Colleague: 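Before we start, here is the structure in question, set down as structure tokens.
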Amino acid sequence: MTPRLASLVTPLLRRLDAETAHGLALRGLAAGLAGRDATPPDPILATEALGLRFANPIGLAAGFDKDAVAVLPLMRLGFGFVEAGTVTPRPQPGNPRPRLFRLEEDAAVINRMGFNNGGMEEYRDRLGALPRPLPAPFGANIGVNKEGADPERDYPALYAALAPFADYVVINVSSPNTPGLRDLQGEERLARILAGIGAVYQSGNPPVLVKIAPDLADAALGPLVETCVAHGVSGLIVSNTTIARPETLRSANRTQAGGLSGAPLRERATAVLRQCYRLAQGRLLLVGVGGIATGADALEKIKAGASLVQLYSAFAYAGPALVPALKRDLAALLRRDGFANVADAVGMDA
Ligand SMILES: Cc1cc2nc3c(=O)[nH]c(=O)nc-3n(C[C@H](O)[C@H](O)[C@H](O)COP(=O)(O)O)c2cc1C
């Protein structure tokens, strides 16, 4: 199958319960059914960040492939990088179903999955079995179990275990679906986690990024940025899903509990990204995520300060053909605006 054909199947999957459809899509991908993006890479999209080379700045966000079962097939769809997880130290089932909801009229999703995943050992073994080098940079997104977690022990242990297999590692302290997790974004607790990672860090280990919530108060961003810089964090991923429910939502599922993603998240996530860019003043690499569905959305994040971008919800709706379409549109917009490359556009509207 080609990515375009795979995208034709995607609307059929929409007749199924959202989680069942996701499971089928992932199995199809893992089996290699979605094919590959055959379009040649456009040099205007090539970029360097975190000491890594990216053929394009458009990545797959965490949560789509929590157990790293389809890393290579996802890279072959044309993503510039792929992030898998969130993985926790021990396997856990997550919240009871249903826990994933489409808000079709709003081009949005609400999820309260609760870090369902097969645990670190399985995840690490899968990564270890992949043929190297991988065709694109790979990010490991780590979190803590719902029961028996000790963040100051668990994040450093996960970092140390996965460092040999990842090009960057993301400290996820922003999922709304694990009670207490977002409290770890506070200055003191984050500092202790990052110090623990510093203690296990060995030269040549992958850079650390912190993924934050769009619901943080504006006043919390300055201390967060400074804490990250002080502890050697390389970048921020802005942002995770929101617990806010904008007035504009129309879908029946808008009252479901969980994190909202997709189009209604875009503006707030971009506003937080822009503030982080201003606060960081070049000291942190920023990854923009939240509501990207078009090349223009991607360029908006880049101009607000993102060196790289990611998406999940729009990809889940549109399927694999979205990836080449986004790349083509972003490249055309960069040329229209007279930019020689992605880096030249970063922060232009910050
Ligand atoms: C079903 C679902 C599961 C997710 N799981 C995770 C996760 O495990 N870890 C994480 O850091 N983000 C997770 N996310 C958040 C996404 O990575 C992303 O930050 C968010 O959806 C905003 O991007 P989007 O608007 O393009 O979807 C999840 C999102 C969805 C929709």
Side-chain angles (χ1 to χ4, degrees), residues 1-3 5-7 9-10 13 16-37 58-95 97 99-100 109 111 113-145 158-159 161-170 172 175 177-178 206 211 261 289 310-320 322-323:
M1 221 183 326
T2 64
L5 266 177
S7 268
V9 178
T10 308
L13 288 174
L16 305 172
D17 150 77
E19 189 168 347
T20 308
H22 177 75
L24 281 174
L26 204 54
R27 275 162 63 183
L29 272 163
L33 291 181
R36 61 168 74 226
D37 173 15
I58 298 168
L60 177 64
F64 189 89
D65 187 4
K66 287 183 185 267
D67 290 311
V69 295
V71 173
L72 266 184
L74 284 164
M75 288 178 175
R76 289 185 183 126
L77 293 184
F79 283 111
F81 60 113
V82 168
E83 187 174 313
T86 296
V87 63
T88 58
R90 286 164 283 111
Q92 64 177 25
N95 290 321
R97 285 191 186 202
R99 54 191 181 175
L100 178 58
V109 173
N111 91 84
M113 305 300 286
F115 290 170
N116 56 305
N117 78 104
M120 185 276 286
E121 285 178 21
E122 249 184 59
Y123 181 103
R124 185 196 53 200
D125 292 349
R126 263 188 214 110
L127 291 179
L130 292 177
R132 304 275 167 168
L134 295 174
F138 171 79
N141 180 305
I142 61 178
V144 294
N145 286 103
L158 286 167
Y159 177 79
L162 297 177
F165 306 103
D167 296 304
Y168 68 90
V169 177
V170 182
N172 180 9
S175 165
N177 302 311
T178 295
K211 185 164 177 179
S261 57
V289 48
Q310 293 178 322
L311 71 159
Y312 183 150
S313 300
F315 175 66
Y317 275 114
L322 183 62
V323 185

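Small disclaimer: the values here were computed from a predicted structure and weren't measured.
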Colleague: Is there a donor-acceptor pair under 3.5 Å between the side chain of R99 and the backbone N or O of N95?
Modeller: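 Checking the backbone N and O of N95 against the side chain of R99, a donor-acceptor pair under 3.5 Å is found.
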Colleague: A side-chain contact here means heavy atoms from C-beta on lying under 4.5 Å apart; do L26 and F64 qualify?
Modeller: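 SC-SC contact between L26 and F64 confirmed.
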Colleague: Quick check against the 3.5 Å criterion: does D67 have a side-chain atom that pairs as donor or acceptor with the backbone of G118?
Modeller: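 The answer is yes, because a donor-acceptor pair under 3.5 Å joins these two groups.
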Colleague: Rounded to the nearest 0.5 Å, how far apart are CG of N117 and OG1 of T88?
Modeller: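 If we round to the nearest 0.5 Å, N117:CG and T88:OG1 are 3.5 Å apart.
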Colleague: Would you say that R132 contacts L134 through its side chain, given a criterion of any heavy-atom pair below 4.5 Å between the two side chains?
Modeller: yes
Colleague: Which heavy-atom pair separates V169 from P206 by the least distance, and what is that distance?
Modeller: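 Nearest heavy atoms, V169 then P206: CG2-CG, 3.9 Å.
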Colleague: Look up atom CG in L16 and atom NE2 in H22, then write down how far apart they are to the nearest 0.5 Å.
Modeller: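 Nearest 0.5 Å value for the CG-NE2 distance: 13.5 Å.
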Colleague: When you look at L100 and N111, which way does the side chain to side chain contact (heavy atoms under 4.5 Å, CB included) test go after all the steps?
Modeller: CA-CA 4 Å; L100 178 58; N111 91 84; 3.8 Å; yes
Colleague: Surrounding CZ of R97 (heavy atoms of other residues, nucleotides or ligands, distance under 6.0 Å), is the total greater than 12?
Modeller: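 Counting other residues, nucleotides and ligands, CZ of R97 exceeds 12 neighbours.
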Colleague: Is the closest side-chain heavy-atom distance between I142 and P89 below 4.5 Å?
Modeller: no
Colleague: Going through the checks in order, is the side chain to side chain contact (heavy atoms under 4.5 Å, CB included) test met by L72 and R36?
Modeller: CA-CA 10 Å; L72 266 184; R36 61 168 74 226; over 6 Å; no
Colleague: Work out which heavy atom in G35 is nearest to a heavy atom in R76; give both atom names and the distance.
Modeller: O-CB, 4.2 Å
Colleague: Shortest non-hydrogen contact from P137 to G80?
Modeller: CD-O, 3.4 Å
Colleague: Can you list the steps and then say if E19 with M113 is a side chain to side chain contact (heavy atoms under 4.5 Å, CB included)?
Modeller: CA-CA 10 Å; E19 189 168 347; M113 305 300 286; 3.7 Å; yes
Colleague: Carefully, step by step, assess L322 and Y317 under the rule side chain to side chain contact (heavy atoms under 4.5 Å, CB included).
Modeller: CA-CA 9 Å; L322 183 62; Y317 275 114; over 6 Å; no
Colleague: Do F165 and Y123 have side chains that get closer than 4.5 Å, going by heavy atoms?
Modeller: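 With C-beta onward as the side chain, the pair stays apart.
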Colleague: How long is the gap from CG on L130 to CG on D125, to the nearest 0.5 Å?
Modeller: 11.0 Å
Colleague: Within a strict 4.5 Å, meaning less than it, do heavy atoms of the T86 and S175 side chains meet?
Modeller: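 In short, these two side chains do not touch, never coming nearer than 4.5 Å.
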Colleague: Q92 side chain to G114 main-chain N or O, any donor-acceptor pair under 3.5 Å?
Modeller: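 Yes: the side chain of Q92 pairs with the backbone of G114.
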Colleague: Within the structure provided, determine whether L127 and F138 are in side-chain contact (heavy-atom separation under 4.5 Å).
Modeller: yes
Colleague: Under 30°, 30 to 60°, or over 60°: which ring-plane class applies to F315 and F79, parallel, tilted or perpendicular?
Modeller: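 Taking F79 first and then F315, their aromatic rings stand perpendicular (interplane angle over 60°).
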Colleague: Given side chains that start at C-beta, do those of L311 and I58 come closer than 4.5 Å, heavy atoms only?
Modeller: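 A side-chain contact exists here, since the closest heavy-atom pair is under 4.5 Å.
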Colleague: Of all the heavy-atom pairs spanning L29 and A70, show the shortest one and how long it is.
Modeller: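 Distance-wise, the nearest heavy atoms are CB-CB, 4.3 Å.
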Colleague: From N141 CG over to L162 CG, what is the distance, rounded to the nearest 0.5 angstrom?
Modeller: 10.5 Å
Colleague: On a heavy-atom basis, which atom in M75 and which in A136 lie closest, and how many Å separate them?
Modeller: CE-O, 3.1 Å
Colleague: Distance check, rounded to the nearest 0.5 Å: N116 atom CG versus K66 atom NZ?
Modeller: 5.0 Å
Colleague: Can you see which heavy atom on A61 is nearest to which on V289, and at what distance?
Modeller: CB-CG2, 4.1 Å
Colleague: Supply the atom-to-atom distance E83 CD to D65 CG, rounded to the nearest 0.5 angstrom.
Modeller: 11.0 Å
